[in-house]
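Along the sequence shown, the residues carry numbers beginning at 1. Order of appearance sets the numbers: ligands from 1, and atoms from 1 within every ligand.
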Amino acid sequence: MTDRKAQLAANLAQVEERIASACAAAGREREEVTLIVVTKTYPASDVRILSELGVRDVAENRDQDAAPKAAECADLPLRWHFVGQLQTNKVRSVVGYADVVQSVDRSKLVTSLSTAAVRAERELGCLIQVALDAGENGRGERGGVGPGGIEELAAIVADSPGLRLDGLMTVAPLTGPYADRQQAAFERLMDLSTDLRRAHPAANMVSAGMSADLEQAVAAGATHVRVGTAVLGVRPRLG
Ligand SMILES: *Cc1c(COP(=O)(O)O)cnc(C)c1O
């Protein structure tokens, strides 16, 4: 085993242990939570190692980095999640490799994703990104729609050819009423998910929790956690 592989294996084992403990503490089955490893800023060689170590879900937040990486890793049995703010001029590229876009937050983006998915003859999973620092009907500074905007956006996704409404995603807010209250933020997301599932029962993905707060996300009921730093190390630059 290379040094890097041994290091990633050890980190993965630690994260796995944290998820398992959090599930046990919450009375949940381990299978209820999927680990998505956020590989942004790390090279394709790391993605390949992670795949060898059994990782099946990876996430990226910038198309410029993700597109060549995904192309290099096209032979691997991976699901690619796009988790960054997405401009419509990047949509066509993202739809070429992403299985799920977790950062859907406006109708113009939905239209553009739908057109690209139909053209590529792909079905694209979509999560509505919820901003919990934006007020009911505001928009998050780092993307996302306020809780009041979920229903309308969900209906548009559900009616768009080529798209599948999979659920909700959030990033714990740094400001506003949920600052430093990750678990409360994730519980609010769960309540919003319950509302969403009344109209869209299959949209049951709840993506929440990162390296620092995955326990709180699992406790609240998240189905997917997105972990970067705890698996790959502290990123060399902001990303
Ligand atoms: C970078 C990123 C993560 C992972 O964050 P870590 O703190 O490194 O685990 C999760 N979600 C999103 C949207 C990200 O951009």
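Defined by atom type and a distance below 3.5 Å, a donor-acceptor pair is present between the side-chain atoms of Ser193 and Arg197.
Contact atoms of ligand 1 toward Thr229: 6 (P), 7 (O), 8 (O), 9 (O) (distance under 4.0 Å to a heavy atom of the residue). Contact atoms of ligand 1 toward Val227: 9 (O) (distance under 4.0 Å to a heavy atom of the residue).
Residue-to-ligand polar distances place Gly228 within reach of ligand 1: an N/O pair is separated by less than 3.5 Å.
Judged by distance alone, with hydrogens and angles left aside, the side-chain atoms of Thr2 form a donor-acceptor pair with the main-chain N or O of Lys5 at under 3.5 Å.
For residues 133-144, the salt bridge (charged side-chain N to carboxylate O under 4.0 Å, His left out) pairs, not counting sequence neighbours, are Asp105-Arg139, Glu136-Arg188.
Of the candidates Ser207, Gly84, Ser211, it is Ser211 that places a heavy atom closest to atom 9 (O) of ligand 1.
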Show which side-chain atoms of residues 213-221 pair as donor or acceptor with protein atoms under 3.5 Å away, not counting sequence neighbours.
unit_1	atom_1	unit_2	atom_2	d
Asp213	OD1	Met210	N	2.6
Glu215	OE1	Arg18	NH2	2.9
Glu215	OE2	Arg18	NE	2.8

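Under 4.0 Å from ligand 1, heavy atoms of Val83 appear from its side chain as well as its backbone.
Of all the heavy atoms in Ala208 and Phe186, the pair that sits closest is CB-CD2, 3.6 Å.
At a 4.0 Å cut-off, not a single heavy atom of Gln102 sits close enough to ligand 1 to count as contact.
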